[in-house]
Q: 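One structure, as structure tokens, below. Some questions next.
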Amino acid sequence: MSAQVPVEGDVWAPLRSTTQARIGLGRAGNSLPSHRVLEFKAAHSAARDAVHVPLDVEMLTSQVDAVGLGAPRHVRSMATTRGEYLRRPDLGRTPDGLEMLPRSEADIGIVLADGLSPRALADHGAPLLSALAEEFCGAYRVAPPVIATQARVALGDHVGAALGVSTLLMVIGERPGLTVADSLGIYLTHLPRPGRTDADRNCISNIHPPDGLGYRAAARIAVRLVAGARRLGRSGVDLKDTSRADLGA
């Protein structure tokens, strides 16, 4: 998506340079200026492409394998097509077999899921995984990564239970918007098992450097949440992210 085009004498330009939000668009009569309409259409097209263009699993597998956490396994949800995935969220939460997953009994399991933006996973999945691996190194045993396609967040509960891990991190492409089409989120679930709800999870969102949260910052928040979940014995609404407050102090 192209950047918003500056216009001579644009008093909004200094503020617009600090945000991706669509502000100070101006007007031409009762409508928007033509260049703002074209920007909107370009952003809308980028968001649609982010949802529908399939993940290159082979390339991501190669990139993930290079991180050094072990050869990744690939699982799929019960949704057979992208259209079915979008119409039937329930199918995206259910795996189409997990027999190929070895039971690891590791501390941490990591799933890399396409979600609603395969583009986000393709752009940021491997470097984020690398940052997580470095932060967890020596502190926890990490299971070989799992790549999941046509996947919703709750599919990670099945994967975590199959792996036998204590805590699962679901790295997933977030719903694209008209300013950001490549954002990742991390959903943390302690003691994952089918039937967990969103109240049992913690989310780190808006991961898409350079404009969003960076890989290292996201990984450090994840480490703190994992440590907190293990002390508390659960994740979700009872587990608070105090990392930003601690950094400020």
Q: Rounded at 0.5 Å granularity, tell me how far CD1 in Ile172 sits from OG in Ser117.
A: 10.0 Å

Q: Taking NZ, NE, NH1 and NH2 as the nitrogens, is one of them in Arg36 or Glu39 under 4.0 Å from a carboxylate oxygen of the other?
A: yes

Q: Heavy atoms only: give me the nearest Ala120-Ser183 pair and the separation to one decimal.
A: CB-O, 3.4 Å

Q: Determine whether Val64 and Pro145 make a side-chain contact, defined as any pair of heavy atoms from C-beta on separated by less than 4.5 Å.
A: yes

Q: Heavy atoms, side chains only, cut-off 4.5 Å: are Val142 and Asp107 in contact?
A: no

Q: Should we say atom CZ of Arg141 is surrounded by more than 12 heavy atoms from elsewhere, each under 6.0 Å from it?
A: yes

Q: Is the closest side-chain heavy-atom distance between Arg230 and Ser166 below 4.5 Å?
A: yes

Q: Is there a path from Leu184 to Val153 through hydrophobic residues (I, L, V, M, F, W, Y) whose side chains come within less than 4.5 Å of each other?
A: no

Q: Give, for atom OG of Ser235 and atom CZ of Arg196, the distance between the pair rounded to the nearest 0.5 Å.
A: 6.5 Å

Q: Taking side-chain contact (heavy atoms from CB on, under 4.5 Å) as the definition, give me every residue that meets it alongside Ala219, ordered by chain and number, with sequence neighbours left out.
A: Ala131, Leu132, Glu135

Q: Please tell me if the side chains of Leu55 and Arg119 come closer than 4.5 Å, counting only heavy atoms from C-beta onward.
A: no

Q: Closer than 4.0 angstrom, basic N to acidic O: yes or no for Arg76 and Asp114?
A: no

Q: State the CG-CD1 distance between Leu168 and Ile110, to the nearest 0.5 angstrom.
A: 8.5 Å

Q: Closest heavy-atom contact between Leu60 and Ala126?
A: CD1-N, 4.4 Å

Q: Can the positive tip of Arg220 be found less than 6.0 Å from the middle of the six-membered ring of Tyr215, inside 45° of the ring normal?
A: no

Q: Applying a strict under-4.5 Å side-chain criterion to I, L, V, M, F, W and Y, I'd like to know whether Phe136 and Leu188 cluster together.
A: yes

Q: One pair to check against side chain to side chain contact (heavy atoms under 4.5 Å, CB included): Thr61 and His74. What are the steps and the verdict?
A: CA-CA 8 Å; Thr61 298; His74 177 210; 5.7 Å; no

Q: Taking the basic N atoms (NZ, or NE/NH1/NH2) and the acidic carboxylate oxygens, is any pair closer than 4.0 Å for Arg103 and Glu105?
A: yes

Q: When you compare the side chain of Ile207 with that of His124, does any pair of heavy atoms fall below 4.5 Å?
A: no

Q: Indicate the atoms forming the closest heavy-atom contact of Ala143 with Ala106, along with that distance.
A: N-CB, 3.7 Å

Q: Can you name the one residue among Thr167, Asn202, Asp200 that meets side chain to side chain donor-acceptor pair (under 3.5 Å) with His190?
A: Thr167

Q: For Arg216, look at atom CZ and say whether over 12 heavy atoms of other residues, nucleotides or ligands are found less than 6.0 Å away.
A: yes

Q: When clusters are formed by joining ILVMFWY residues with side-chain heavy atoms under 4.5 Å apart, either directly or through shared neighbours, do Leu129 and Tyr187 land in the same one?
A: no

Q: Check the pair Glu84 / Leu91 against side chain to side chain contact (heavy atoms under 4.5 Å, CB included), numbers first and verdict last.
A: CA-CA 8 Å; Glu84 187 175 51; Leu91 296 180; 3.6 Å; yes

Q: Does Arg201 pair with Asp157 as a salt bridge, N-O distance under 4.0 Å?
A: yes

Q: Check Ala148 against Val111 and note the closest heavy-atom contact, atom names and distance.
A: CB-CG1, 3.8 Å

Q: With rounding to the nearest 0.5 Å, note down the distance linking OG1 in Thr149 to CG in Leu121.
A: 10.5 Å

Q: State, to 0.1 Å, how close Leu155 and Met170 come at their nearest heavy-atom pair, and which atoms those are.
A: CB-CE, 4.5 Å

Q: Quick one: does Pro176's side chain get under 4.5 Å of Val51's, heavy atoms only?
A: yes

Q: Supply the atom-to-atom distance Gln150 CD to Leu86 CG, rounded to the nearest 0.5 angstrom.
A: 8.0 Å

Q: Hydrophobic cluster membership, with links at side-chain heavy-atom distances under 4.5 Å among I/L/V/M/F/W/Y: are Leu101 and Leu112 in one?
A: no

Q: For Ala218 versus Ile204, what's the shortest heavy-atom pair and its separation?
A: O-CD1, 3.9 Å

Q: For Asp90, what residues pass the side-chain hydrogen bond (donor to acceptor under 3.5 Å, both in side chains) criterion, not counting sequence neighbours?
A: Arg88

Q: With a 4.5 Å heavy-atom cut-off, do Val53 and Pro118 have their side chains touching?
A: no

Q: Are Glu174 and Leu116 close enough that some pair of their side-chain heavy atoms sits under 4.5 Å apart?
A: no

Q: From Leu163 CG over to Arg73 CZ, what is the distance, rounded to the nearest 0.5 angstrom?
A: 10.0 Å

Q: Val57, Val171: one ILVMFWY side-chain cluster at the under-4.5 Å cut-off?
A: yes

